[in-house]
Amino acid sequence: MSVLITDDCHPIMQQLFREAHIPFEVCTDVTYPSLLGMIADYDALVVRSKIIIDQHFLDQARHLRCIGRLGAGMETIDVAYAEQLGIRCFNSPEGNRNAVGEHAIALLLALLNHIASADAEVRQGLWRREANRGLELGPRTVGIIGFGNMGAAFAQRLQGFGCRIMAYDKYRSHYAPSYVEECTLEELQQHCDVLSFHVPLTDETHHYLDHHFIEQMAHPFYLVNTARGAVICTEALAQGIRQERILGAALDVNEYENPTQDRLNDEQLPDAFRYLLHSPRCLFTPHVAGWTVESKELLASVLARKIIHHLTQPS
């Protein structure tokens with residue numbers, strides 16, 4: 001058995017493989033072509049998001065028994081085809097759910113209380129107290145779309161604020177703890193003041209929030225997205241902000257981020273996204289909701305244990 005680790009991860013992963021007597025190699029500078037030429041030699045592969053694991057790649061992986069994704073999203077892996085070939089696919093949302101839950105709370109509080117703009121103004125010598133009067137979370141209704149690891153972690157942290165929490169998950173039922181109201185999408189759109197997305201990116205969730213979705217919202221709302229950028233249609237979001245149908249947006253992810261680059265490609269940014277970047281009603285972070293010191297270790301340990309369990313089971 002041998003494992004190839006293709007991205008930076010916490011040393012706990014290597015430690016766990018050593019303890020399980022499973023050989024591994026670390027090669028973090030691989031590209032798709034170079035990995036294609038190597039993959040036939042390995043039983044397990046650890047990836048993040050810089051390499052697309054498509055059908056052509058999987059056809060070359062003659063000995064591969066499992067693929068482990070450091071994180072939650074599986075959109076860069078053709079999971080259906082992999083499992084058709086007998087290759088198990090694992091992710092590790094248990095590792096960063098707490099980080100995402102806390103970051104979503106931080107984004108929401110910063111949005112409601114103008115934290116970023118107020119900080120920038122004070123640094124410029126401005127002291128505009130009335131202009132930065134905030135809103136309390138307690139009297140508001142927060143709607144959560146997607147109640148897996150991330151949505152549940154967000155809801156758990158919300159309960160201390162005393163707000164009403166509603167959740168919609170198309171693929172689950174009887175899932176909500178006592179402090180969360182399970183509801184239909186229509187009920188959520190009727191009542192919520194804040195909307196937070198916690199769904200994976202699939203064909204079904206691509207541009208989940210579009211012009212039609214915004215039109216179905218009963219009243220203006222605040223938006224938080226720590227899921228995937230393409231869950232939100234940027235053009236619809238910009239129009240919603242302009243029309244004050246969306247009162248503010250806090251985005252850890254966006255449609256135009258590239259996991260292989262350290263900056264947005266300015267030449268490829270559409271006018272709608274440029275508008276959001278300059279809007280005082282928008283707050284951005286660089287896809288770091290699940291990117292904490294603690295989550296780095298937990299992501300690696302959770303995933304390593306799943307891979308070890310799979311590789312050491314009798315065939």
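Note that these values count all heavy atoms, side chains included, but never hydrogens, waters or copies made by symmetry.
For Tyr42 and His63, the ring centers are positioned 6.0 Å apart or more.
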Phe154 vs His198, test: ring pair (Phe, Tyr, Trp, His ring centres under 6.0 Å). Steps then yes/no.
CA-CA 9 Å; Phe154 179 54; His198 300 274; 5.2 Å; yes
Side chain to side chain donor-acceptor pair (under 3.5 Å) for Gln15 and His10? Distances and angles first, verdict last.
CA-CA 9 Å; Gln15 177 185 325; His10 193 277; over 6 Å; no
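A salt bridge links Asp8 with Lys296; the closest basic N to acidic carboxylate O contact falls under 4.0 Å. Under the 4.0 Å criterion applied to side-chain N and carboxylate O atoms, Arg274 and Asp266 are assigned as salt-bridge partners. Between Arg245 and Glu215 no salt bridge is recorded (no basic side-chain N to carboxylate O distance below 4.0 Å).
Tyr275 carries Arg242 over the face of its six-membered ring, with the cationic atom under 6.0 Å from the centre and within 45° of the normal.
Side chain to side chain, His207 and Glu255 meet the donor-acceptor criterion of an N or O pair below 3.5 Å. Using modelled atom types, one finds a donor on one side chain and an acceptor on the other under 3.5 Å when comparing Thr285 with His103. Residues Tyr81 and Asp59 bring a donor and an acceptor atom of their side chains to less than 3.5 Å of each other. A donor-acceptor contact under 3.5 angstrom links the side chains of Arg157 and Asn98, judged on distance only. Between the side chains of Asn149 and Arg97, at least one donor-acceptor pair of N or O atoms lies under 3.5 Å.
Ring pair Phe284/Phe273 is perpendicular by interplanar angle, where above 60° counts as perpendicular and below 30° as parallel. In this structure, Phe213 and Tyr208 have perpendicular ring planes: the angle between them is above 60°, well past the 30° mark.
Remark: the backbone N or O of Glu136 is paired with a side-chain donor or acceptor of Arg140 at under 3.5 angstrom. In terms of modelled atom types and a separation under 3.5 Å, the side chain of Ser92 and the main chain of Glu94 share no donor-acceptor contact. Remark: the backbone N or O of Val30 is not paired with any side-chain donor or acceptor of Ser34 at under 3.5 angstrom. In terms of modelled atom types and a separation under 3.5 Å, the side chain of Asp193 and the main chain of Thr141 share a donor-acceptor contact.
A search for salt bridge (charged side-chain N to carboxylate O under 4.0 Å, His left out) contacts involving Arg228 returns Glu75, not counting sequence neighbours.
Side-chain contact between Leu35 and Leu4: present, with at least one pair of heavy atoms (C-beta onward) separated by less than 4.5 Å.
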